[in-house]
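The next block holds one structure in the form of C-alpha cells; read it before the comments.
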Amino acid sequence: MSKKIPSEQLFLELTFQADVNVQSTGLSIYRRLVRNTLFNVIRQACPRAQTYVGEDLFQELIATYLEEAILDEPIYWMIPVQFGQWVFQTGLDGTNTCLNNNPALAELILWETIEIEVLNAPEGRDEMFVRHITPGSQVELVEHVRLIQFKYDVFRTDQSSNCPALKQPEAILIYRQIERMFWRLLSPIEAAIIGLISEGHAPQAISALLNQNSIASDLGFVMAFCQELACKGLLKNIQV
C-alpha cells in the first residue's frame, strides 16, 4: 500500500518543482539574450571582416570566442575590442582553422575594432599635453594612440578587397583627432622613436640610443618628429 502524501506537502513539492522549472527556463532565455547581444555587437563592429570571410565562418569565429574567452568586460564598447585582441592573439598562436585559412582576417578584425578603442579611449586634460619639444622633454603617448605592425593591407583597401599581403610589414600609427580616427605610415626609424618614447626616453636620449644601435638618426630629426606628434596632440607630460 503506497504511502499517502499530505495535500499540503504535495502542494509544496509541486510548487517547488514549478519554481525550479521556471528559474531554469528563465536562465536559459537570459543566456540566449546575452549571447545574441554579444553576437550583434561584434558583427556590427566588423562589417568588412564579415564580408571578407563570409557570414557563416564569421559567426563560427564569434561562437568560438564566446566559448573560449573570459568575458569579464562591463564596458559595452570594449566587447568588440576584446574580441579583436583575442582574434589577433589566436591568429598568432595558429590554433584556429578559420584564421589559419584566412591569414589576413585577424589583422582586418583588429583594424576594425581598434577604431572603436581609439575613438572611445579617455581624453586627457589640456594642461597635460605637450606643445613644444625640447631635447630633454619627458613625454609619453596619450591614451588613444596605438602603434601596430601589419603584414596585410587591411588599412588602405575598401570592403570588396581581398586584403593582399604587403611586400614587407608596415608600422602604422593610429590616433584620434576631432572625434575621428586617423593613421599614418611610419618609417622604421619613426617606429623606433615611438617605441623609445613609450619607454620614457627624452629626444636627446632617443637619438643617442638609435645611434648606439647603428640606426643613423641625428637629434634634429628626432626633435622634428616628436614636434609633429606634439602638434597633433599625441604627447603629454609624464605623470610621476
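For reference, positions follow the sequence shown, starting with 1.
Every residue two or more places apart in sequence or in another chain that forms a side chain to side chain contact (heavy atoms under 4.5 Å, CB included) with Asp93 is listed here: Gln89, Thr95. When the side chain to side chain contact (heavy atoms under 4.5 Å, CB included) test is applied to Ala165, the partners found at least two apart in sequence or on another chain are Tyr152. Applying the side chain to side chain contact (heavy atoms under 4.5 Å, CB included) rule to Ala192 yields the partners Leu210; only residues at least two apart in sequence or on another chain are considered. When the side-chain hydrogen bond (donor to acceptor under 3.5 Å, both in side chains) test is applied to Ser137, the partners found at least two apart in sequence or on another chain are Thr134. Residues satisfying the ring pair (Phe, Tyr, Trp, His ring centres under 6.0 Å) criterion with Phe150, sequence neighbours excluded, are Trp111, Phe155. Contacts of Glu170 classified as salt bridge (Lys or Arg N to Asp or Glu O under 4.0 Å), with partners at least two apart in sequence or in another chain: Arg156. Partners of Ile75 according to the side chain to side chain contact (heavy atoms under 4.5 Å, CB included) rule, which considers only residues two or more places apart in sequence or in another chain, are Glu73, Trp77, Met78.
Through side-chain heavy atoms spaced under 4.5 Å, either directly or across other Ile, Leu, Val, Met, Phe, Trp or Tyr residues, Ile70 is tied to no other residue.
The shortest heavy-atom contact between Tyr175 and Lys232 is OH-NZ, 3.5 Å. Contact record, Ala230 with Arg131: O-NH1, 3.7 Å, taken as the closest heavy-atom pair. Of all heavy-atom pairs between Gly84 and Thr113, the closest is CA-OG1, 3.5 Å. Pairing each heavy atom of Val142 with each of Lys236, the nearest pair is CG1-CB, 4.1 Å. Closest heavy-atom contact between Pro169 and Lys151: CG-CG, 4.4 Å.
Hydrophobic clustering of Ile, Leu, Val, Met, Phe, Trp and Tyr side chains at less than 4.5 Å, counting indirect connections, unites Leu196 with Val222. Leu119 and Val81 end up in different hydrophobic clusters when Ile, Leu, Val, Met, Phe, Trp and Tyr side chains are linked at under 4.5 Å. Note: the hydrophobic cluster containing Ile148 also contains Leu166 (ILVMFWY, side chain heavy atoms under 4.5 Å, direct or indirect links). In the hydrophobic cluster analysis, where Ile, Leu, Val, Met, Phe, Trp and Tyr join through side-chain heavy atoms closer than 4.5 angstrom, Val154 is grouped together with Trp183.
The side-chain heavy atoms of Gln138 and His201, taken from C-beta on, include no pair separated by under 4.5 Å. The shortest distance between side-chain heavy atoms of Asn101 and Thr97 falls below 4.5 Å. The side-chain heavy atoms of Val87 and Leu110, taken from C-beta on, include no pair separated by under 4.5 Å. Within the 4.5 Å cutoff, side-chain heavy atoms of Cys163 are placed close to those of Arg48. Looking only at side-chain heavy atoms (C-beta outward), Leu229 and Ile197 come within less than 4.5 Å of each other. In this structure the side chain of Phe225 never reaches within 4.5 angstrom of the side chain of Ile189, judged on heavy atoms. The shortest distance between side-chain heavy atoms of Leu235 and Phe129 does not fall below 4.5 Å.
Atoms CZ and CD1, from Arg176 and Ile174 in turn, are 13.5 Å apart once rounded to the nearest 0.5 Å. Here Leu105 contributes atom CG and Leu61 contributes atom CG; the two are 6.0 Å apart, rounded to the nearest 0.5 Å. Remark: Ile194 CD1 to Leu186 CG distance equals 6.0 Å, nearest 0.5 Å. The distance from atom SG of Cys98 to atom CG of Leu57, rounded to the nearest 0.5 Å, is 4.5 Å. One finds the OG1 atom of Thr90 at 10.0 Å from the CD1 atom of Ile109 (value rounded to the nearest 0.5 Å). To the nearest 0.5 angstrom, Leu147 atom CG is 7.0 Å from Ser198 atom OG.
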Inset, instruction - Output, in order, the C-alpha distance, side-chain angles, deciding distance and verdict of side-chain contact (heavy atoms from CB on, under 4.5 Å) for Phe58 and Thr51. - result: CA-CA 9 Å; Phe58 191 71; Thr51 300; over 6 Å; no

Legend entry - Trace of the side-chain contact (heavy atoms from CB on, under 4.5 Å) decision for Phe221 with Ile193: CA-CA 10 Å; Phe221 177 84; Ile193 293 173; 3.9 Å; yes

Inset, instruction - Could you give me the CA-CA distance, side-chain angles and deciding distance for His144 and Met181, then say whether side-chain contact (heavy atoms from CB on, under 4.5 Å) is met? - result: CA-CA 10 Å; His144 58 75; Met181 186 186 85; over 6 Å; no

Inset, instruction - Would you sort out whether Val139 and Cys226 count as a side-chain contact (heavy atoms from CB on, under 4.5 Å), showing the intermediate values? - result: CA-CA 9 Å; Val139 296; Cys226 289; 5.9 Å; no

Please tabulate, for side-chain N and O atoms in residues 37-45, each donor-acceptor pair with protein atoms closer than 3.5 Å (sequence neighbours left out).
{"unit_1": "Thr37", "atom_1": "OG1", "unit_2": "Leu33", "atom_2": "O", "d": "2.9"}
{"unit_1": "Asn40", "atom_1": "ND2", "unit_2": "Asn36", "atom_2": "O", "d": "3.2"}
{"unit_1": "Arg43", "atom_1": "NE", "unit_2": "Gln50", "atom_2": "OE1", "d": "3.2"}
{"unit_1": "Arg43", "atom_1": "NH2", "unit_2": "Glu55", "atom_2": "OE2", "d": "3.4"}

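Applying the salt bridge (charged side-chain N to carboxylate O under 4.0 Å, His left out) test to pairs two or more places apart or on separate chains, those with a residue in residues 190-202 are Arg184-Glu190. Counting only residues at least two apart or on different chains, the salt bridge (charged side-chain N to carboxylate O under 4.0 Å, His left out) pairs with a member in residues 100-118 are Glu117-Arg146. Residue pairs satisfying the ring pair (Phe, Tyr, Trp, His ring centres under 6.0 Å) criterion with at least one member in residues 85-108, sequence neighbours excluded, are listed as follows: Tyr65-Trp86.
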